Amino acid sequence: MSEGETIIIKGGRVVDPGQDLDMTADVVLADGVVKGIYGRRRTRESGTVIDATGLVVSPGFIDLHCHLREPGFEYKETIASGTLAAARGGFTAVCAMPNTNPVMDSRAVVDFVLERALSEGFVRVMAIGAVTRGSLGKQLSEMGELAQAGVVGFSDDGHPVSDDNMMRQALSYSTSLGLPIINHCEALDLSDGGDMNEGWVSNRLGLKGIPNSAEEAMVARDILLAETTGGRLHIAHASTAGTVEMVRRAKERGLSVTCEATPHHLTLGHEAVLGDRGDGGQFSPLTLAAYETNAKVAPPLRSQEDVDALVRGLADGTVDFIATDHAPHATIEKVSTFSEAANGISVLETALGSLMALVHEGKLPLPVLIERLTAAPANFLGVGLGSLKTGGPADVTIFDPDAEWVVDSTEFVSKGKNTPLDGATLKGRVVATIVGGAVRYDARESGSAG
Ligand SMILES: [Zn+2]
């Protein structure tokens, strides 16, 4: 279907927190924009009809944090495969992290990524520029040049900005450029090459633990520096209760501090490293499935207390939005000892199914979940996305909140098959994804979607 065509999404539950809407209605898309939402009096428009009875119709999801790996690591993912995975996961816009090779620290690399996304991508792509040259932490990147090239923020993600003064300068510049500094908060002296969360699971498995303080020490520093500079700080992938508490206090004091949480940190604990998910989500104490490298991620999966704090923070708005930290790796990078395995999880295609558990368990109302995937990241980015307002871009995600399916990573369109959810049953599945009025994914057309 081309973007010029009229699409009528009929009879779904339209949930658009950006305009405080939750009702059964028809949504009409034409010429790449939303033409209107029609409630009790159904539309008489003609065009391609998508029957959304029993389904949720939402603005397209926006992911502030994903790793598309191109240029340089095309064996892990490409812009084409990563954005196809995004479409399958219901995401209509993603932000690409700059830890490519070369690093996205110059206009040339930003141009390359954005041009390739236009020619080969399935969803909208925005670029995040590096804070420091080569993300090496030694010298600030040409932040002004990157801003002119259109980056939506700066990050050395994968690495923290460890140097205090470098972070201070970056936050100072961020003020004048009006863009956030997105820090991967990890005090490397404290994480000290650790493998997983420091706790009973790391003790049981004899793996080196990473304490919560490794994250929290840098979050505390960054909040102080945000206060000193008036800069705009965003904390990537918050993982601990302490981080949530510090961000809550920073917001109360009126600082420009925001944070995100990932689907895995919101739904999985460190027990995932014990492996064995075949029994519907309960992890067995210790089996041959232990040392599950697909559950190795930075920051590590934490304790239930941390998971609960993140969910509460997401519900009350302390955690501003959800970002996937989609981090695809080649299989060979996970078939190794736990210590040697790469950090990261392939998330895009399981994100909604994971997160819907929070709704089904009564921990998060559906409109709040959708807000944290749509309007909240759109507001953060300051882009005109994340809502179905008339005249706005026709970016729509249609999903079945109750469809149960079993995760099979061999069916992922992402090159990264690295998920600890293989074999798990999730409840909630994307049915169709529309970007700018063009259908980019339709489960009812693709054979593997059943
Ligand atoms: Zn990171």
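One-based numbering, in listed order, for ligands and for the atoms of each. Fair warning: this is a prediction, and the values are worked out from it, not measured in the lab.
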- Message: Holding to side chain to side chain donor-acceptor pair (under 3.5 Å), I want the full list of residues that pass it with Arg302, two or more places apart in sequence or in another chain.
- Response: Asn197, Asn212, Ser239
- Message: Considering the Zn ion (ligand 1), could you give the total of protein N/O/S atoms lying closer than 2.8 Å?
- Response: 3
- Can you list the residues that meet the side chain to side chain donor-acceptor pair (under 3.5 Å) rule with Asp22, with sequence neighbours excluded? Arg13
- With Thr419, which residues qualify under side chain to side chain donor-acceptor pair (under 3.5 Å), at least two apart? none
- Message: How long is the straight-line distance from CG of Asp157 back to SG of Cys185, given to the nearest 0.5 Å?
- Response: 10.0 Å
- Item | Over-ring placement of Arg232 relative to Phe380, 6.0 Å and 45° cut-offs | yes
- Leu268 CG to His265 NE2 distance, which is reported to the nearest 0.5 Å: 9.0 Å
